[in-house]
Enquirer: 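Could you have a look at this structure, given as structure tokens, before my questions?
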Amino acid sequence: MAEKCVTATRTVRLRISPGINPGKLGMLEATVAAWDRAVAFYTEFFLDHSSAVEEMDRRRLLTWAETHTVATADHPNPARDFGSVCPGMPVVLRRAAINTAAGAVRSYLSNLRAWEKADPRRRGKQPKPPSPHPHLVAYAGTVTLRMEDFRRGFVRLHLFDGSRWRWANIPVQAPPYAADLFAQSEAERRRIAEVRAEQKHRMQAEGRRKRTEDERRALLPALGVWVASSPTLVRRRDGWWLHVPFKMRVPIPGKAEQQRLRNPDLRAGTVDLNADSAVAAGWEGRRLMGVKTVWHARENAKREKALQKIARKQRRSGTPVKGERSNQALWRYIKALDDSVAWQVAAAIVTWAVTSGLRVLVFEHLRPYRPERGLTWSRRTNRKRSYWLRGKILERVRHLALMHGILVVERNPAWTSQVCPRCSRLGERFSPGGRGYPSRFRCGYCGWTGDANVVAALNLKKKWDRDFRYPTKEEIPAAEPRRARKGSAAANPEQVPEVA
């Protein structure tokens, strides 16, 4: 039986040198402009033939579109001549534009049907027709990523100079680890080419045309080796970039639930994400191996101070003007701060998981959460962005963990920090200082007390094992927290009913 594998992806961003000569810079701009025209041409064509887009699959639609737009010996006079819009465009780039436009039109038609069927009072604005894709994907045949070129500091791109398409050496600036990735990719592609040539020679000698299952498997990239895919040409505020995705096949024993059922001593980690920290607990079966806390409270306070500054400046300047963006430097600072925190926290969690030998990470499903009303603008916005930050951390953990064969799953967060991990009864979550943190937990039945975030990580393990006990309808109103002044706790075991 073939080994189960997942594909992990990472992107290396190569910055096109700001000192590039004006001629090559003009070629980049002309190439992207030609790409935009190609996508716009086929978008308009597919919108005029929406029935064909919905009836045909991708391969048939590609052939049909080329038949009606590309002049050939068999079809010298197409209904719409693509050559008059983008003369001489490489075939691979033209077909990429067709597939991009077809995907955008399919999505638009699907959204339009859903909008038409929705309740007119709640469906919102009508979906807008698709616009050209802003980034150009350089598929095989339009880019050359050779190690000898990369060592000299450039890559070769097939660009449009305004009159014809030709190859050009584009200088790039790369991070220090990119050379190792490109070397791995080139060596693996060379090995695959040699295996393919050997198989082709053997097939010709044996008089067969189809490869066996083992031969097809031999053409796959080796496990744990990064292989470069088609890069994307991106134009940003600070210049031009070439984003090169690298893919790696990672073996896994199976889905997370299958691993849990098959291995009672599976090493798993449960992670509780909060506004100021991430608390993770490592488990081997039902044995707790340890607890790790990753703090980011300082960055949360920095973000709130920046939001308070934005609010003060906005009050001084008056009502914001529609269409104008104010405080751009502060907003860029907040965005960069959140991105940095997300990567740092995710890297710390995944590093701890790898060193602990964990195979699964369990998180809370926190996407539906919204900040409460009644707060100031800066505090409410900070709370909202802290919720967004949890989603970013989870996304980056999933991305980094997959490279090591660690799977990430989510569980319902209800009652995880309010149920005692020892006796499974409702306790009280409170803050001794009355400010929301540090958040403590105390059980009125067994007297267990501890950090409420650790309680959530412990209870997530019960949800992972499918033996978490949810509170009954009779327990919930009777176990409401009894708070004294300034948020101090006064839990009374006699006020919580016994449950059989």
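Not measured: the values here are computed from a predicted model.
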Enquirer: Considering all heavy atoms of both residues, which atom of Thr43 and which atom of Pro130 are nearest to each other, and what is their separation?
Expert: CG2-CG, 3.7 Å
Enquirer: Any side-chain to backbone donor/acceptor pair from Thr67 onto Thr63? Under 3.5 Å, distance only.
Expert: yes
Enquirer: State, without any angle test, whether Arg385 and Asn382 hold a side-chain donor-acceptor pair at a distance under 3.5 Å.
Expert: no
Enquirer: CZ of Arg236: more than 12 outside heavy atoms within 6.0 angstrom?
Expert: yes
Enquirer: Is any side-chain N of the basic residue among Glu186 and Arg190 closer than 4.0 Å to the acidic one's carboxylate O?
Expert: yes
Enquirer: Are the ring centres of Phe45 and Trp64 closer than 6.0 Å?
Expert: yes
Enquirer: Please determine whether the number of non-hydrogen atoms from other residues, nucleotides or ligands lying under 6.0 Å from atom NZ of Lys247 exceeds 12.
Expert: no
Enquirer: Examine distances only and state if a side-chain atom of Gln184 and a backbone atom of Trp226 form a donor-acceptor pair shorter than 3.5 Å.
Expert: yes
Enquirer: Is Glu410 close to Arg398 at the side-chain level, that is, under 4.5 Å between some pair of heavy atoms?
Expert: yes
Enquirer: So, Asp272 and Thr270: side-chain donor and acceptor under 3.5 Å apart, yes or no?
Expert: no
Enquirer: Any side-chain heavy atom of Asp451 within less than 4.5 Å of one from Thr293?
Expert: no
Enquirer: Does a side chain donor of either Gln259 or Arg359 reach within less than 3.5 Å of an acceptor in the other side chain?
Expert: no
Enquirer: Can you tell if the side chain of Leu62 reaches within under 4.5 Å of the side chain of Arg58, non-hydrogen atoms only?
Expert: no
Enquirer: Tell me if the CZ atom of Arg209 is crowded by more than 12 foreign heavy atoms within 6.0 Å.
Expert: no
Enquirer: State, to 0.1 Å, how close Lys302 and Leu337 come at their nearest heavy-atom pair, and which atoms those are.
Expert: CB-CD2, 4.0 Å
Enquirer: Quickly, which of Arg202, Lys210, Gln199 forms a side-chain hydrogen bond (donor to acceptor under 3.5 Å, both in side chains) with Glu215? Name it, please.
Expert: Arg202
Enquirer: Counting N and O atoms only, with roles assigned by atom type, does the side chain of Arg469 sit under 3.5 Å from a partner on the main chain of Ser424, one being a donor and the other an acceptor?
Expert: yes
Enquirer: Count the heavy atoms belonging to other residues, nucleotides or ligands that lie under 6.0 Å from CZ of Arg59, then report whether that count exceeds 12.
Expert: no
Enquirer: Work out which heavy atom in His404 is nearest to a heavy atom in Val250; give both atom names and the distance.
Expert: C-CG1, 4.2 Å
Enquirer: Of Arg260, Arg286, Lys462, which is the lone residue that meets salt bridge (charged side-chain N to carboxylate O under 4.0 Å, His left out) with Asp467?
Expert: Arg286
Enquirer: Would you say the side-chain atoms of Lys4 pair up with the backbone N or O of Lys255, donor to acceptor, closer than 3.5 Å?
Expert: no
Enquirer: Closer than 4.0 angstrom, basic N to acidic O: yes or no for Arg95 and Glu66?
Expert: yes
Enquirer: Does any part of the side chain of Phe82, heavy atoms only, come nearer than 4.5 Å to the side chain of Ile98, both counted from C-beta?
Expert: no
Enquirer: Decide whether Gln344 and Ser340 meet the rule of one side-chain donor and one side-chain acceptor closer than 3.5 Å.
Expert: yes
Enquirer: Taking atom types as modelled and ignoring hydrogens, do the side chains of Trp241 and Asp238 form a donor-acceptor contact shorter than 3.5 angstrom?
Expert: yes
Enquirer: Do we see a donor-acceptor contact under 3.5 Å between the side chains of Ser356 and Lys292?
Expert: no
Enquirer: Between Pro245 and Pro231, which heavy-atom pair has the shortest distance, and what is it?
Expert: CD-CA, 4.0 Å
Enquirer: What is the minimum heavy-atom distance between Pro421 and Asn459, and which atoms define it?
Expert: CA-OD1, 3.7 Å
Enquirer: Tell me the closest heavy-atom pair linking Leu407 and Gly254, and the distance in Å.
Expert: CD1-O, 3.4 Å
Enquirer: What orientation do His399 and Trp343 show, parallel under 30°, tilted 30 to 60°, or perpendicular over 60°?
Expert: perpendicular
Enquirer: Could you tell me whether a side-chain N or O of Arg249 sits under 3.5 Å from a main-chain N or O of Pro221, the two making a donor and an acceptor?
Expert: yes
